Amino acid sequence: MYDWLNALPKAELHLHLEGSLEPELLFALAERNKIALPWANVETLRGAYAFNNLQEFLDLYYQGADVLRTEQDFYDLTWAYLQRCKAQNVIHTEPFFDPQTHTDRGIPFEVVLNGINQALKDGRDQLGISSGLILSFLRHLSEDEAQKTLDQALPFRDAFIAVGLDSSEMGHPPSKFQRVFDRARSEGFVAVAHAGEEGPPEYIWQALDLLQIKRIDHGVRAIEDERLMQRIIDEQIPLTVCPLSNTKLCVFDHMSQHNILDMLEKGVKVTVNSDDPAYFGGYVTENFHALHTHLGMTQDQARRLAQNSLDARLV
Ligand SMILES: Nc1ncnc2[nH]cnc12
Ligand SMILES: [Zn+2]
């Protein structure tokens, strides 16, 4: 089944480039940039990938991203991810990047963007993988800081297909970012947002009504609200679900409890994605495979999930 799932043509719509930083590359970049790491080796670092919630993961994820310094680093990160796409027949990807994670450390916005963009271009030319980059605001920071990030992005507007919202969800509702999303949309950006990963259905309502998002990232807690479920089904709003992420971050205690196939059968446009594959134990195929192993996902269901990912592309 793994090989069959791997060969299925699919799109990935929820992937943080910084979350695709494998420990081996992290150590190589630390050496190249002469950065001392608090972990003895790759195995020790991998051993630290045990999380009780989103915040515990984010603390390590931001620490790991510190090794990314130069345009070449961002190129290498993105190129390594695209090679994984090629190996798993991901024919289209819409990755996120978090500019504030880097600009707050003094890395110029253009350094980050140029490295990523060159790799995405080479991915199109050399690997035949189409892509569209999503600029994601960090929700644990202020709306003013998001506005400044949007200012920095506007001179490069053709480099992005959308804006998103990620990082610590609880206590940082979508309403906090209504004005910056209004401005981004008026500048022609499509909007997406993480909502209903750890946060309540109310955050999904806000993301839809206040931020006017076209796709919900995660959204698994929508199932707690019948009226919300009906809206998502009626309007066929895609959900970018990340099964291994949800179990690694204890949104579900075990994969056998995941609700993605229930949602699929109820008519929700759910898709399968890897979120932060270096930290959560696998790329898209491993996510599909876990659904087969623990939930009995059939080939027909896998085909529908893959088709949903192709249908839910923004570009
Ligand atoms: N799963 C996730 N949720 C929120 N922010 C993130 N940033 C990277 N991965 C994330
Ligand atoms: Zn995510």
Side-chain angles (χ1 to χ4, degrees), residues 11-22 26 49-66 68 77-78 81 93-104 112 116 132-141 145-146 149 162-174 176-177 191-200 203-204 206-207 211 213-222 238-252 258 260 270-284 286-287 290 309 312 314:
E12 178 148 60
L13 307 176
H14 187 154
L15 177 284
H16 302 265
L17 285 170
E18 295 89 344
S20 71
L21 177 58
E22 292 286 343
L26 191 153
Y49 294 174
F51 313 109
N52 292 302
N53 52 49
L54 173 59
Q55 192 59 51
E56 286 185 11
F57 155 69
L58 289 171
D59 292 342
L60 198 59
Y61 162 91
Y62 294 125
Q63 198 179 353
D66 183 45
L68 297 160
L77 173 74
T78 309
Y81 165 63
T93 180
E94 296 182 1
F96 299 108
F97 80 119
D98 297 332
Q100 289 158 294
T101 297
H102 314 297
T103 53
D104 284 4
V112 181
I116 292 173
L133 186 60
I134 304 176
L135 180 160
S136 204
F137 301 116
L138 295 181
R139 69 201 306 159
H140 67 275
L141 301 178
E145 287 167 286
T149 302
V163 294
L165 187 64
D166 65 6
S167 193
S168 322
E169 187 177 14
M170 294 304 283
H172 302 285
K176 179 178 162 187
F177 295 93
V192 299
H194 284 53
E197 178 184 18
E198 288 186 340
Y203 284 20
I204 303 176
Q206 286 186 15
L211 307 187
I213 60 166
K214 293 285 183 256
R215 214 161 60 195
I216 302 164
D217 297 315
H218 293 294
V220 290
R221 289 196 60 191
L239 264 60
T240 65
V241 178
C242 308
L244 286 174
S245 165
N246 292 154
T247 49
K248 270 290 211 181
L249 301 185
C250 306
V251 172
F252 297 93
H258 204 288
I260 183 169
V270 280
T271 64
V272 177
N273 307 271
S274 68
D275 205 4
D276 302 285
Y279 293 87
F280 299 151
Y283 290 76
V284 178
E286 284 76 27
N287 275 270
S309 74
L314 295 176

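Order of listing sets the numbers, starting from 1, for every ligand and every atom in it. The shown structure was predicted, so the numbers you read here are calculated from the model rather than taken from an experiment.
Expressed to the nearest 0.5 Å, how far CG of L58 lies from CG of N53 amounts to 9.0 Å.
Among the atoms of H194, an N, O or S atom falls under 2.8 Å from the Zn ion (ligand 2). Here D275 meets the criterion, with an N, O or S atom under 2.8 Å of the Zn ion (ligand 2). Residue contacts to the Zn ion (ligand 2): H16 brings an N, O or S atom closer than 2.8 Å.
Looking only at atom types and distance, the side chain of Y61 has no donor-acceptor partner in the side chain of T101 under 3.5 Å away. Residues E12 and S274 have side chains that bring a donor and an acceptor to within less than 3.5 angstrom of each other. Between the side chains of S168 and Q55, at least one donor N or O sits under 3.5 Å from an acceptor N or O.
Contacts with ligand 1 closer than 4.0 Å are made by no heavy atom of D98, backbone or side chain. Contacts of E169 with ligand 1, taken as heavy-atom pairs under 4.0 Å, are absent altogether.
The closest approach between a heavy atom of E18 and any atom of ligand 1 is not below 4.0 Å. Using a non-hydrogen distance threshold of 4.0 Å, D217 does not register as a contact of ligand 1. Under a 4.0 Å heavy-atom criterion, S167 is in contact with ligand 1. Ligand 1 has at least one atom lying under 4.0 Å from a heavy atom of F57.
By the 4.5 Å heavy-atom criterion applied to side chains, F97 and T78 are not counted as neighbours.
Protein heavy atom closest to atom 1 (N) of ligand 1, with residue, atom name and distance, is D275 OD2, 2.6 Å. Given atom 9 (N) of ligand 1, the protein heavy atom at minimum distance is D276 OD2, 2.7 Å. The protein heavy-atom contact nearest to atom 7 (N) of ligand 1 is H16 CE1, 3.5 Å. Distance from atom 3 (N) of ligand 1 to its nearest protein heavy atom, with residue and atom name: E197 OE1, 2.7 Å.
Using a 4.0 Å cut-off between charged side-chain N and carboxylate O, E94 and R215 make a salt bridge.
Closest approach of A146 and Q100 over heavy atoms only: N-NE2, 3.8 Å.
For ligand 1, the atoms sitting less than 4.0 Å from at least one non-hydrogen atom of H218 are 1 (N), numbered in the order shown with element in parentheses.
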- Task: Before giving the answer on ring-ring contact (aromatic ring centres under 6.0 Å, His included), spell out for H140 and Y62 the whole-Å C-alpha distance, their side-chain angles and the decisive distance to 0.1 Å.
- Result: CA-CA 13 Å; H140 67 275; Y62 294 125; 5.7 Å; yes

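Screening I260, D275, V220 against N246 for a side chain to side chain contact (heavy atoms under 4.5 Å, CB included) leaves a single residue, V220.
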